[in-house]
Amino acid sequence: MQLLIYIFLYPILWCISILPFRLLYVLSDGFYILTYFIIGYRKKIVRENLALTLPHLSDKERLIIEKKSYQNMCDVFLEMIKTLTISKSEMERRYKFKNIEVYDYLEKKGKSIALLCAHYASYEWAISINSKISFEGYAVYKKINNRYFDKLVRDIRSKFKATLITTKETIPEMGNNYRNNKLSLYGLISDQSPRLGSFFHWNKFMGIEVPIHTGGEMLAKKYDMNVLFLRTKKLGRGFYEAELEVLSENAKEEPNYEITDRFLKLVEQQIYEQPEYYLWTHKRWKHRKLS
């Protein structure tokens, strides 16, 4: 059954991926109408998240952000499919690094690097950094149940020299690389809610006290990595600018949770500046403390 689904869907995905960007965004507009107005995908969750975190805004202002966030989500989804056939030169034209020298500076320190980012703007196209680095680049992801699509996603990412590792593979891979002195860059999306039963650090995120995912920091400490924050700004449809900021050059000596809390503060700043580009559909505040 998995193979049949793949055989049916792959030609559709490939045809979408070769569309000119102008037509790609016409299709994205259609997906937006379907997702938001007809299906109403996770609309209740989005409205609750916006009301919780942006109470200073009026209902009308939050509704504008809500609609724009769905438009952005559809753009990101279609851009992910576009990655199937996009050229390296086109990717570099559309996703630019403002200060790649910050990364180069850390490479010269001779330690592996943890790159932390959020579900904001085009987190999918951040893989393009791999064409600009000398370290081995890894991206941590959640394995897709359909093994054929899982392989497809891995193959797409390999175009940009990125090796995908599942959450289960992460610690063994990092440990093996550390023991063999293999310098690597690990991309970690770190703004999600931790799994139930693994809560040990709480703090306020967007004004709400929630359990905090500390995996990126703990791995950086365990394997003596430098830590970077990736801030992505959406300049327009299909155009992004990424900026890098050093979070720590000595993770082992940092007090526990300092790196994580600094990361979340930067994510907050990013969201407050342009909240419409955050992925509001995920249940980030589901385990919040009730006052």
Working for side chain to side chain contact (heavy atoms under 4.5 Å, CB included), residues K143 and T167:
CA-CA 8 Å; K143 189 173 183 179; T167 49; over 6 Å; no
For the pair R284 (side chain) and D191 (backbone), establish whether a donor and an acceptor sit closer than 3.5 Å, ignoring hydrogens and angles.
yes
Looking at every non-hydrogen atom in both residues, tell me the closest pair between L183 and G110 and how far apart they are.
CD2-O, 3.5 Å
Is there side-chain contact between I127 and Y95, with at least one heavy-atom pair below 4.5 Å?
no
N145 CG: over 12 foreign heavy atoms closer than 6.0 Å
no
Spacing of Y277 atom OH and S122 atom OG [to the nearest 0.5 Å]
12.0 Å
Just checking R93: does its CZ atom have more than 12 heavy atoms from other residues, nucleotides or ligands closer to it than 6.0 angstrom?
yes
Can you hop from L164 to Y148 via hydrophobic side chains spaced under 4.5 Å?
yes
Do the non-hydrogen side-chain atoms of V267 and F205 ever get within less than 4.5 Å of each other?
yes
Tightest non-hydrogen contact, residues S28 and C74, listed as OG-C, 3.3 Å
Regarding D150 and R154, does a basic nitrogen lie under 4.0 Å from an acidic carboxylate oxygen?
yes
Hydrophobic clustering (ILVMFWY, side-chain heavy atoms < 4.5 Å, transitive) - are I86 and M80 grouped together?
yes
Is there a path of hydrophobic side-chain contacts, each under 4.5 Å between heavy atoms of I/L/V/M/F/W/Y residues, joining M206 to L57?
yes
Answer yes or no: is there an ion pair linking E48 with K44, defined by an N-O contact shorter than 4.0 Å?
no
Fellow cluster residues of L235, listed by chain then number, with links counted only when side-chain atoms sit under 4.5 Å apart:
F239
Atom NZ of K43: over 12 foreign heavy atoms under 6.0 Å
yes
Apply side chain to side chain contact (heavy atoms under 4.5 Å, CB included) to residues Y120 and R231 and explain how you reach the verdict.
CA-CA 8 Å; Y120 188 90; R231 178 196 303 271; over 6 Å; no
Quick one: list whatever passes ring-ring contact (aromatic ring centres under 6.0 Å, His included) with Y178, sequence neighbours left out.
Y223
Checking K111 now: which residues fulfil salt bridge (charged side-chain N to carboxylate O under 4.0 Å, His left out) with it, not counting sequence neighbours?
D224
By side chain to side chain donor-acceptor pair (under 3.5 Å) - contacts of R62 (at least two apart)
D59
Between the side chain of R42 and the main-chain N/O of T281, is any donor-acceptor distance below 3.5 Å?
yes
With heavy-atom distances below 4.5 Å as the criterion, would you say the side chains of Y141 and I189 are in contact?
no
Take atom CD1 of I171 as the centre, draw a 6.0 Å sphere, and report whether it contains more than 12 heavy atoms from other residues, nucleotides or ligands.
no
K168 NZ to K142 NZ distance, which is reported to the nearest 0.5 Å
10.5 Å
Minimum heavy-atom separation for M225 and A251, please, with both atom names.
O-CB, 3.5 Å
Approximate separation, where rounding is to 0.5 Å, of L54 CG and Y272 OH
6.5 Å
Indicate the atoms forming the closest heavy-atom contact of T214 with T260, along with that distance.
CA-OG1, 4.0 Å
What pairs of donor and acceptor atoms, side-chain ones from residues 30-40 against any protein atom, are under 3.5 angstrom apart with sequence neighbours left out?
{"from": "T35", "atom 1": "OG1", "to": "F31", "atom 2": "O", "distance (Å)": "2.7"}
{"from": "Y36", "atom 1": "OH", "to": "E66", "atom 2": "OE2", "distance (Å)": "2.5"}

Side chains of T83 and M91: closer than 4.5 Å at any heavy-atom pair?
yes
Just jot down the side chain to side chain contact (heavy atoms under 4.5 Å, CB included) partners of E173, sequence neighbours excluded, or say none.
Y138, I165, N177
Assess, by modelled atom type and distance only, whether the side chains of S58 and E61 contain a donor and an acceptor separated by less than 3.5 Å.
yes
Could you go through F149 and I5, starting from their C-alpha distance and side-chain angles, then the distance that decides it, and tell me whether this counts as side chain to side chain contact (heavy atoms under 4.5 Å, CB included)?
CA-CA 9 Å; F149 280 110; I5 293 171; 4.1 Å; yes
Could you walk me through whether D261 and H201 pass side chain to side chain donor-acceptor pair (under 3.5 Å), step by step?
CA-CA 10 Å; D261 290 344; H201 177 52; 3.0 Å; yes
Suppose the criterion is salt bridge (charged side-chain N to carboxylate O under 4.0 Å, His left out): which pairs have a residue in residues 204-221, not counting sequence neighbours?
E209-K289
Only counting residues at least two apart or in another chain, list the ones meeting ring-ring contact (aromatic ring centres under 6.0 Å, His included) with Y278.
W280, H282
Donor-acceptor pair, E90 side chain versus S87 backbone, under 3.5 Å?
no
When you look at L264 and I212, which way does the side chain to side chain contact (heavy atoms under 4.5 Å, CB included) test go after all the steps?
CA-CA 9 Å; L264 285 177; I212 305 298; 3.4 Å; yes
Measure the shortest side-chain to side-chain distance between L247 and L266 over non-hydrogen atoms and say whether it is less than 4.5 angstrom.
yes
Considering all heavy atoms of both residues, which atom of E254 and which atom of S248 are nearest to each other, and what is their separation?
OE2-OG, 3.0 Å
Does the side chain of Y6 come within less than 4.5 Å of R147's, by heavy atoms?
no
Any idea how Y103 and F135 line up, ring-wise: parallel (<30°), tilted (30 to 60°), or perpendicular (>60°)?
perpendicular
Validation row: Y25, L78 side chains within 4.5 angstrom (heavy atoms)
no
Sort and list the pairs that fulfil salt bridge (charged side-chain N to carboxylate O under 4.0 Å, His left out) and have at least one residue in residues 67-83, not counting sequence neighbours.
D75-K234, D75-R237
Under 3.5 Å: donor-acceptor pair, side chain of N99, backbone of V102
no
Show me the side-chain donor-acceptor pairs of residues 8-22 shorter than 3.5 Å, one per line, residues at least two apart or across chains.
{"from": "S17", "atom 1": "OG", "to": "W14", "atom 2": "O", "distance (Å)": "2.7"}
{"from": "S17", "atom 1": "OG", "to": "T85", "atom 2": "OG1", "distance (Å)": "3.1"}

Ignoring hydrogens and geometry, is there a side-chain-to-backbone donor-acceptor pair from T232 to L230 under 3.5 Å?
no
Once side chain to side chain contact (heavy atoms under 4.5 Å, CB included) is applied, do any residues pair with E249, and if so which ones, sequence neighbours excluded?
Y105, L106, K109, N226, V246
Is any side-chain heavy atom of K233 closer than 4.5 Å to a side-chain heavy atom of K98?
no
Expected output: side-chain E107 to main-chain S134 donor-acceptor under 3.5 Å:
yes
ILVMFWY cluster, L52 and I64 together (side-chain gap under 4.5 Å):
no
Is I7 linked to I81 within one hydrophobic cluster, defined over Ile, Leu, Val, Met, Phe, Trp and Tyr using a side-chain heavy-atom separation of less than 4.5 Å?
yes
I need the minimum non-hydrogen distance between K182 and S184, along with the two atoms involved.
O-OG, 3.2 Å
Checking W125 side chain against V76 main chain: does a donor-acceptor pair fall under 3.5 Å?
no
Sequence neighbours excluded - salt bridge (charged side-chain N to carboxylate O under 4.0 Å, His left out) pairs with any residue from residues 121-133:
E92-K132, E124-R157
